[in-house]
Amino acid sequence: MRPEDWKQYNPVLLPPIPNLHDIQVYEKNSGYDSLKKILEDKENWSPADVIQEVKAANIRGRGGAGFNAGLKWSFMPEPDGKPRYLACNGDESEPGTFKDRKIFEYNPHLFIEGAIIAAYAMQVDAIYVYIRGEYRAFVQMLQKAIDQAYEKGYLGKNILGSGFSVEMYTHMGAGAYICGEESSLMESLEGKRGYPRVKPPFPAQKGLWGRPTTINNIETLANVPLIIQHGAPWYLGIGKETHPGPVLYGISGHVNRPGVYEYPAGMNIMTLINDVCGGVRNGKKLKAVIPGGSSTPPLRADMLDGVSMDADSLREAGSMMGTAGMLILDEDTDMVDLVWRISYFYDHESCGQCTPCREGTGWLQKTLFKIKSGQGEYRDLETLLSICNGMEGRTICALADAAAWPVRYSIERFRDEFESKCKKTVYALA
Amino acid sequence: MPEIFIDNQRYTFDKPGKVLQFMLDQGLDLPFFCYHPSLSIPANCRQCMVKAGMPVYDRDKGIFETDEEGNRLIRYFPKLMTACNLDMSDGMVIHTHHSDELVKQAQADNLEFILINHPLDCPICDQAGECPLQILTYKYGPEGSRFEHKKVHKPKSIQLGPRVILDAERCINCTRCVRFTDEISKSHQLSIVSRGDKNYPLTAEGESFDDPYSLNTVDICPVGALTSADFRFKARVWEMNQTPGIDVSNGKGCNTYIWTRDNLVLRITPRFNEHVNDHWMPDKGREYYREFNENRVSGPKIKVGKEDQVGSSWNNAMLTFKETLEAASPENVLVIGSPYASLEDNFALKTFASHLGITEAFIVPHIIDGYGDGLLLVDDQAPNTQGAALLEFQKISASELKERILKMKPEAIVCLDDRLLDRESTLQEVFSSSFSIVFGSNMTKTSQQADVLIPVTCAAEHTASYVNSEGRIQRTVPAKETKYTHRRLNLEMSMSRLDHFGTRYDNWVNEDNKIDCIPAWEFLGKVTIENNPIVWESSKDMLEHLSASLPVFEGVSYPAMDSQKGIQLSIPKS
Ligand SMILES: Cc1cc2nc3c(=O)[nH]c(=O)nc-3n(C[C@H](O)[C@H](O)[C@H](O)COP(=O)(O)O)c2cc1C
Ligand code: SF4
Ligand code: SF4
Ligand code: FES
């Protein structure tokens, strides 16, 4: 199923089945079959085989970085009898991103099953699901699903009589975006302050409580049962070969029908806006698209020709896939205001551990506020760009980059708009 | 041997390590804030950026690939790396600000960032003059700041605990203080609160930062965010002389710096010695500075009859001392050395006593069981218990001493600088029934009840050695002057160091606050008895004699102690 044939696409992550969140309904729709397939045939499905299959499916992490999940799993060292962990990233705090919540809400068992399979593949002892604190209701829904899975013997000791055991715990965040970054997520799980860790060591070497750990996004894990059920070739047949599989596009902003839509990866952006979401709101013209959450560089409408939602196409166009949380902006959008608001977010959310991010995010925000309120001068734009230079690639985690990119690329791509907000400073000629 | 190229210069290294520490060991400069050799490496200040690369290795041929000119091809890391947590590896290439413009720019950018919310109140900040932020900004920082907005305001003057005050606005969030309480003192009392540029360290609600090592955070804080409640606003660092010393408040013998101005000690800070105290010292040892200034005995005192002590001339004191000892028969004189006094003073007393035919001499160790904490405080409260014991002073307890006095009814008691009666009140009555001669530096109870009180120098005023509880012999040099010494003319002093901040023209000493006292050994040497055995000109000569005559002190001398950071004697730990 290629993106061109999107009209024939039938959702697999969020299929339109009523009450799918209930384990009985889920089981009726071949739920937990993938898990059974593996655990009842361990000869053919050794942990290494599972990793191999997932690796072959080339599923790219849906948490933002787009890293091959199977490859990531293969970094886990050989079991040594001591604990190892899987941490599931449901922190979902990047502005414009709201897709994992749909999984918690409508198809939690798909994620749970995926996490158990991942746990089996990496031979981990416990799964932690880190969920943003604001998702209180979804945590309760997920907890209910987990309880059901325990009752049915899909979780806990000796799962389905296979000898494999794993526990699953939920953990609520306390409202910090930075706790979605994988290493500060681990710090937070350990009960510490959410400071990202310096890498190396990488989580697979030293993760939770110093033990090997893998962190995956919720959507990433929800893909796993499908890969096992239908096989890697099937998965590669969806979307683009370089970026395969179904994707939950979280589309918000100035469109007529915002929402989370499941389609193959690599959907044409204009198709998503015009055909899937019913076009730009109020018949306005499109101004720009921020394709993958607020940190990804905005693309001007005229840059969108033939651009599709996959890593390669977006890189070529000058942006990134991120979380596929798309912000659609119409012609009335004040870019300075928007970028200031994005900057305000990163200023607020910087953990403050490293200098360029702690100081740079605030400086960006304050300078943008100055421009936004009509007090800016042309030189402020150069200052903004040089602040970005001082932040990008110089910090412990990627939050500083996430804060700098929208500013840098907005100035580059909407410079006239920024300049029109600046005071026309007149220098007297001597 | 593995090699590393730093700014196009080749170095070899024999053990694995981090690039920054290696550079510091080589005497190379790189700006940094958060790194501390004795703490974990958070790499959070991002100041120590370097450009790093590795040679491209051709696995098949087993050689490094080269360009046309035969130079190794280097594959650089895509981002600048922090040198503090970068592991060295064979063939690594490093470029610092000396050979790379981007690195230079990154260092300046980072300092500009640090300073945008810094209050820049150096003129009223205690740290000014010894502030890494100030120093590195001058050296590596940008010309000025482009920041034109309101700075972030944070709480000021927060009393974190009894001894430490925080100015949160000055904090640069290096987390050194937090790591110290987590990793060294293990009190876990500090953590960073809030987020982003509002971050600062704080204790938990209702908790006081009363860590017995709290003041070390003031030392390692790279800015003036943490200040000592006691020292705050007392002096600028460049107004003080900084002299190496030894902590005499505990048997551990932490190495210190003694900071003086106008012959007063204003503060004591730790001096690095990996064999004893690393970079740290207990707060108790720092608070001891008062003893060097306050309540000192200045000028000899003598009791006439049952009257209070009155001032006396040195001549008169010496005469009384001599006559008392000559009048008494040797077996009727009780000689008490001191675990608090220096090796030299104890040795002089012992030698003098033997000369008079007094064969026995005692010390009363001051041990508090369970006082030690396994870090830098030991049970032994005195700085030289081991030293006195090596000179064959017999160790006895206070109650044994009391019994002995009661039995012996000595005509005279000679007691070296110690707080015997202060710490063992039961000795008071037995002491007062004998004629007592006390060498005292401070007006303690022991000093007060003396019939003859001879004022002696304290550890901040004399050159002398102390043997710590682990059997390490270390020495002091005069940090402040007495009536009879001149710090700058003092040979020991000028040989040992140049003042850190001072120049040869601005030694902050004057005639104020000079105590009328001399070292005990010098006093004993001046007593006009026949064939006085104390023939040495200086404590240095005396130590040389000791070293030559007692095998345990073989090879011990002041220069040797200086160059080896003290000398471990081969004796069992106490
Ligand atoms: C500042 C920051 C915030 C992040 N927030 C999230 C998040 O909320 N959810 C998420 O899944 N990944 C987030 N990530 C990405 C994670 O660090 C990590 O790459 C991801 O969870 C890995 O999962 P995946 O490989 O399945 O995509 C964030 C990264 C950064 C730098
Ligand atoms: S880049 Fe920002 S959020 Fe990430 S560790 Fe540094 S200060 Fe914290
Ligand atoms: S108070 Fe000082 S030591 Fe502590 S984090 Fe701030 S700057 Fe660092
Ligand atoms: S010293 Fe702070 S990052 Fe290296």
Validation row: A:Pro356, B:Asn110 side chains within 4.5 angstrom (heavy atoms):
yes

Rounded to the nearest 0.5 Å, what separates atom SG in A:Cys351 from atom CG in B:Asn173?
9.0 Å

State, yes or no, whether a side-chain contact exists between A:Glu359 and B:Ile114 at a heavy-atom distance under 4.5 Å.
no

Given a strict heavy-atom distance threshold of 4.5 Å, which part of B:Asp109 is in contact with chain A: side chain, backbone, both, or neither?
side chain

Would you say that B:Asn44 contacts A:Tyr195 through its side chain, given a criterion of any heavy-atom pair below 4.5 Å between the two side chains?
no

Does any heavy atom of chain A fall under 4.5 Å from the side chain of B:Val152, the backbone, both, or neither of them?
both

Heavy-atom side-chain proximity of A:Lys370 to B:Glu148 below 4.5 angstrom:
yes

Identify which of B:Ile172, B:Thr82, B:Asp197 forms the greatest number of heavy-atom pairs closer than 4.5 Å to chain A.
B:Asp197

Residues in residues 380-390 of chain A near chain B [non-hydrogen atoms, under 4.5 Å]:
A:Asp380, A:Thr383, A:Ser386, A:Ile387, A:Gly390

Which residues in residues 200-209 of chain A have a heavy atom less than 4.5 Å from any heavy atom of chain B?
none

With a strict 4.5 Å heavy-atom criterion, list every residue of residues 392-402 of chain A that contacts chain B, or say none.
A:Gly393, A:Arg394, A:Thr395, A:Ile396

What pairs with A:Phe418 under ring-ring contact (aromatic ring centres under 6.0 Å, His included), at least two apart in sequence or on another chain?
none

